[in-house]
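Data block below; observations after.
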Protein chains: 2
Amino acid sequence: MNKRKSLIRTDTKHSIMDAAEYMFARNGYKGTSLRAITGRAGVNLAAVNYHFGSKKVLLEAVLLRRIQPLNLERRRRFEEIRDNARKLRKKPEAELILKAFIEPVFYFGESDPGSKDFITLIGRAIVDPDDTVRKVFHKFMRSIFELLFKMMSEALPGLSRDVIFWRLHFTIGAMAHAMRICSPDMKELAHSGTATDTSAVIEHLIRFVSKGMKARR
Amino acid sequence: MNKRKSLIRTDTKHSIMDAAEYMFARNGYKGTSLRAITGRAGVNLAAVNYHFGSKKVLLEAVLLRRIQPLNLERRRRFEEIRDNARKLRKKPEAELILKAFIEPVFYFGESDPGSKDFITLIGRAIVDPDDTVRKVFHKFMRSIFELLFKMMSEALPGLSRDVIFWRLHFTIGAMAHAMRICSPDMKELAHSGTATDTSAVIEHLIRFVSKGMKARR
DNA sequence: GTCTATAGATTGATAGAC
DNA sequence: GTCTATCAATCTATAGAC
């Protein structure tokens with residue numbers, strides 16, 4: 001009985017985060033009220049401030065829950081690429097690096113059935129005009145971008161810092177846009193009959209950005 | 001004297017649009033209040049509803065003012081490319097099409113000194129989570145995208161509809177992200193010493209996306 | 001056309017009973 | 001931990017004097 005009770009308790013916090021993720025992904029941070037979140041979660045309005053303290057802290061929690069394991073997986077794959085390259089005494093391959101950066105975003109969204117909103121959420125967070133979102137997101141993303149930049153510099157030593165910087169940002173922009181189009185409320189954009197299944201999109205995307213990344217001057 | 005007076009009058013409407021453009025670009029549609037706009041414009045709060053009727057109509061006016069001449073220029077350049085290709089009895093070139101689509105966005109922002117915010121505004125509008133913005137923007141953009149799609153299908157007949165669809169959206173995503181990074185409040189992102197002048201960015205971008213666009217299967 | 005004043009709705013956050 | 005009730009601030013939009 002006690003066990004059941006505590007289960008229900010932690011469920012409140014989780015319900016709020018799930019509902020917030022859903023709403024933030026669709027309507028953005030500013031466009032989502034705490035009432036919309038608690039309404040969808042089926043909990044009391046005051047519960048947000050009890051469990052999180054403020055809307056901003058809730059946003060941080062929602063983002064961190066997804067970004068932390070995501071970036072862990074990216075780091076793991078970066079290490080793997082580096083190790084393999086060292087073993088073969090070759091440079092790491094640009095395409096593998098891009099795959100390591102891109103694929104986890106899409107696959108994390110697939111694996112957890114309750115979090116299809118994850119892809120949209122991240123896709124939106126990258127570009128949300130709100131100051132709070134941008135600062136929180138960049139705080140979590142800066143170090144993985146630095147690492148990506150470093151890896152790519154090793155893979156393509158012929159390119160200048162500027163070129164690598166811009167091409168990586170083009171990659172991020174293309175990825176974020178693809179993530180938003182994959183979201184349920186954006187299918188309107190897709191032509192009738194266009195394939196929007198995740199694995200196909202990933203394949204198209206990686207082909208596109210690795211060609212662009214490796215272009216000669 | 002009458003002349004001067006009427007000049008001041010139309011200035012009110014323009015001031016509001018300029019201020020709105022500035023604020024929408026920086027804080028998004030939801031994140032910008034009418035008070036912030038009229039405050040910056042130095043006009044009365046009620047003036048917005050007198051001149052435009054609502055916040056939504058103001059947004060439409062602000063977007064339309066820029067998008068209309070922008071898409072006119074794009075169409076003009078598309079025609080030019082088609083004509084030249086017909087004369088030479090060749091297919092239109094993918095890279096030229098991409099240039100015709102991308103360059104005007106950046107150059108329109110440069111030419112009008114009072115509208116550096118233009119680039120940021122468009123870059124944000126593409127991805128704004130707000131329903132109002134998305135619907136207004138897509139209403140204005142659908143036909144030019146259809147045309148772009150058609151031109152590119154002619155240029156690259158070997159690619160399937162799906163592939164062209166996705167690659168064009170990757171292009172738009174990369175472009176929009178580049179436009180946001182070029183905005184004043186995002187320079188924080190750029191590494192110290194990274195070139196963010198417009199013409200260099202355009203060059204990098206076009207090189208990147210045309211390589212990706214033309215990739216073989 | 002421009003102003004003041006305000007209606008009417010919604011927001012994030014909190015106090016206090018249970 | 002969860003609830004009701006509410007505060008204080010902010011928002012869009014409008015009515016009416018000038």
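The basis for the numbers below is simple: all heavy atoms, side chains too, and nothing from hydrogens, waters or symmetry mates. Throughout, a chain's letter reflects where its sequence line sits, starting with A, and its residues are numbered from 1. This structure is a prediction, so every number in the text was calculated from the model and none was measured.
If you take NZ of B/Lys13 and C1' of C/dG1, they are 13 Å apart, rounded to a whole angstrom. The nearest whole Å value for the distance from the CD1 atom in B/Ile16 to the P atom in C/dC3 is 10 Å.
Between A/Asp18 and A/Arg65 there is a salt bridge, since a side-chain N of the basic residue sits under 4.0 Å from a carboxylate O of the acidic one. A salt bridge links B/Glu146 with B/Arg142: the distance from a Lys NZ or Arg NE/NH1/NH2 to an Asp or Glu carboxylate oxygen falls below 4.0 Å.
Look at B/Thr12 and you'll find a side-chain N or O under 4.0 angstrom from OP1 or OP2 of C/dT2.
Cation-pi geometry between A/Lys150 and A/Phe78 is not met at under 6.0 angstrom from the ring centre and within 45 degrees of the axis. Both the sub-6.0 Å distance and the 45° axial angle are satisfied by A/Arg40 relative to the ring of A/Tyr22.
The main-chain N or O of A/Ala25 is never found under 3.5 Å from a side-chain atom of A/Thr120 such that the two would form a donor-acceptor pair.
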For a quick check, with a 4.0 angstrom heavy-atom cut-off, what is the B/S/- contact string for nucleotides 4-15 of chain C, read 5' to 3'? B------BBBB-

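In this structure B/Ser54 satisfies the side chain to side chain donor-acceptor pair (under 3.5 Å) test with no other residue, sequence neighbours excluded.
With axes fitted over five pairs at each extremity, the angle between the ends of the helix from C/dG1-D/dC18 to C/dC18-D/dG1 is 10° (10° resolution).
Side-chain atoms of B/Arg207 and B/His204 form no donor-acceptor pair, as typed in the model, at a separation below 3.5 Å. Between the side chains of B/Asp162 and B/Ser160, not a single donor N or O lies within less than 3.5 Å of an accepting N or O.
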